Amino acid sequence: MTSEQVADRVAGEAGERANNGSDQDASEGYQRGLGNRQIQMIAIGGAIGTGLFLGAGTAISKAGPSLILAYAMAGLVIFFIMRALGELLMYRPVSGSFSDYAREFLGPFWGYVTGWTYWLFWVVTGITEVTAAAKYVQYWDKSIPQWLSALAFTAVLYLANLISVKLFGELEFWFSMVKVTAIIGMILIGIGVITLGFSDAGDTASFSLLWSDGGFFPEGIGGTLMTLQIVMFAFLAVELVGVTAGEATDPKKTLPKAINTVPWRIAVFYLGALIIILSVVSWTVFEPGVSPFVEAFAKIGLPAGAGIVNFVVLTAALSSCNSGMYSTGRMLRDLALNGQGPKFFGVLSARGLPLRGTTVSAAFMLVGVWINYQWPGKAFEYVVSFATISGMWAWIMILLAQLRYRRKSDRGELPKSEFRAPGAPWTSLFALAFIGMVIVLMGIDKDSRVSLYCAPIWAAVMVVSYFVLKARNPQAFARKDYSASPAEKVEQAA
């Protein structure tokens, strides 16, 4: 990045800060089009996806009712992660989010790796989700080619992300609304079956099913622990709310509110849904790869249940792909602005959107659909499995950056955040230890071990590319002085 580019960027940041009344609140040229209603639903939608609607079936078959405890444990850790992110966001709300925080508190190398890893995470996730969405369409009409549905969905979501950030927010709002309505509907119907005894499941439905068929831990504690990687995968993308910081209309108000709703979201949509489902249908009925919601609707005797759940899962997949297109463009621009990615991605469109980064990311997603069509075997599954470990990398960086920030703010070197994480640093250390345990369990489980095989390959790519780029442009990978005022930065750059 040249001195003129740095000066222009900082001057733009200074103007944005002036307009928003805060030296820390820099939109970096983005339009603040995401309101409180949309931010709240993005936060809710990030915690509800195919991991719950489909993945829970596999997890139930492995752990039984104790899966509820696994979700509760993981949910607590997710809350610690989100509060750590919230503390950083209120210190300095930027669109680069955890990539930028890793760059500031851990060093340029870690910011570089985090930005590119999170970009890859969403590209891979987008590939799998748009392909899955195409398969869900074939539930209603098998004559529709899978590639045609995948192409149509990718094109529609791509265009939506190019029109305005507000349209992205509206799409995400309604996608999330469908998921929330479906889960609440299932919970209410299940409560009616259990308490009033109607439907085909009324004679056997009871809360006692949570412990009567082999106990609460039918597969032992070990079986419960081995589901944690499935559970953590279900929570991936909850951190997406942090990427919206540069485009939220009032980040210092809306983001803390969204983060503080994490506990009740997990309690209702995960724990509540699982408690009701496992009280309507015995855990022994569920099979891997089959949605527990489909099984529950079938047991209750609602013939339209499978079609309803298929529609909900379709929206969940499209929501994930929509989020992927949104976040990848912003991550590529953040890397470009910091000289750690092609300058090509640093330009915004007239509507304040990272058009180039979104376009390239969407193209990669289409290539992935083609690969899946040509080689639907194990090779593609190995690539997909990388999503879990790459997603958790972002969580690790959030926690490490927050620990470093907290030490500096406690020493008076940096201003204290207006939204401090309760119990830190101990809660952050606990979350790191928990993630470490999950990674170890992934290595033990042969079905998820492949994720760890991909990590060293990607790490090698990151290390080699880092040193190559650093040799070409040492200034881009030098530590920056984040404590300087905007005017001082312009003067230094000049």
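These numbers come from the heavy atoms of this one structure, side chains and all, not from hydrogens, waters or symmetry mates. Note that the coordinates shown come from a computational prediction; the quantities given were computed from them, not determined experimentally. All residue numbers refer to positions in the sequence shown, counting from 1.
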Under 3.5 Å side-chain donor-acceptor pair for [X] and [Y]:
| X | Y | answer |
| --- | --- | --- |
| Ser361 | Trp119 | yes |
| Thr117 | Trp458 | yes |
| Thr114 | Trp393 | yes |

May I have the step-by-step check of side-chain contact (heavy atoms from CB on, under 4.5 Å) for Phe269 and Ile187, ending in yes or no? CA-CA 9 Å; Phe269 300 123; Ile187 291 174; 5.8 Å; no
Residue list, side-chain hydrogen bond (donor to acceptor under 3.5 Å, both in side chains) with Asn322, at least two apart or on another chain: Asn161, Glu172
What's the shortest heavy-atom distance between [X] and [Y], and which atoms?
| X | Y | value |
| --- | --- | --- |
| Ser465 | Tyr112 | OG-OH, 2.6 Å |
| Ser428 | Leu403 | CB-CD2, 3.8 Å |
| Lys252 | Met90 | CA-SD, 3.5 Å |
| Gly126 | Cys321 | O-SG, 4.2 Å |
| Ile230 | Ala59 | CG2-CB, 4.1 Å |
| Val438 | Gln229 | CG1-CA, 3.9 Å |

Side chain of [X], backbone of [Y]: donor and acceptor closer than 3.5 Å?
| X | Y | answer |
| --- | --- | --- |
| Arg406 | Ala424 | yes |
| Asn338 | Gln340 | no |
| Tyr118 | Ser99 | no |
| Gln138 | Ile144 | yes |
| Arg265 | Ala258 | yes |
| Asp334 | Arg330 | no |

Between [atom1] on residue [X] and [atom2] on residue [Y], distance to nearest 0.5 Å:
| X | Y | atom1 | atom2 | result |
| --- | --- | --- | --- | --- |
| Met177 | Thr315 | CE | OG1 | 12.0 Å |
| Thr125 | Phe121 | OG1 | CZ | 4.0 Å |
| Ile81 | Ile259 | CD1 | CD1 | 12.0 Å |
| Met82 | Thr261 | CE | OG1 | 8.5 Å |
| Phe434 | Ile78 | CZ | CD1 | 8.5 Å |
| Leu157 | Glu129 | CG | CD | 11.5 Å |

Decide yes or no for [X] and [Y]: does some side-chain heavy atom of the first lie under 4.5 Å from some side-chain heavy atom of the second?
| X | Y | value |
| --- | --- | --- |
| Leu353 | Leu348 | no |
| Leu106 | Met397 | yes |
| Leu236 | Trp395 | yes |
| Val113 | Tyr466 | no |
| Leu469 | Asn473 | no |
| Ser417 | Leu88 | no |
| Thr328 | Val123 | yes |
| Thr358 | Tyr326 | no |

Sequence neighbours excluded - salt bridge (charged side-chain N to carboxylate O under 4.0 Å, His left out) pairs with any residue from residues 307-324: none
Does atom [atom1] of [X] have more than 12 heavy-atom neighbours, drawn from other residues, nucleotides or ligands, at distances under 6.0 Å?
| X | atom1 | answer |
| --- | --- | --- |
| Trp116 | CH2 | yes |
| Phe364 | CZ | no |
| Trp140 | CH2 | yes |
| Arg411 | CZ | yes |

Ring centre gap for Tyr136 and Phe311 strictly below 6.0 Å: no
Residues Ile266, Tyr71; criterion side-chain contact (heavy atoms from CB on, under 4.5 Å); working and verdict: CA-CA 8 Å; Ile266 292 173; Tyr71 270 106; 5.8 Å; no
Ring pair (Phe, Tyr, Trp, His ring centres under 6.0 Å): pairs with one or both residues in residues 403-430, sequence neighbours excluded: Tyr91-Tyr405, Phe105-Tyr405
Does Arg356 make a cation-pi contact with Phe345, if we ask for NZ or CZ under 6.0 Å from the ring centre and within 45° of the axis? no
Check against side-chain contact (heavy atoms from CB on, under 4.5 Å), Glu104 and Arg92: CA-CA 11 Å; Glu104 176 178 357; Arg92 192 165 60 87; 2.7 Å; yes
List the steps and the verdict of side-chain contact (heavy atoms from CB on, under 4.5 Å) for Val231 and Met73. CA-CA 10 Å; Val231 171; Met73 293 170 55; over 6 Å; no
With a 4.0 Å cut-off on N to O distance, would you call Arg407 and Glu413 a salt bridge? no
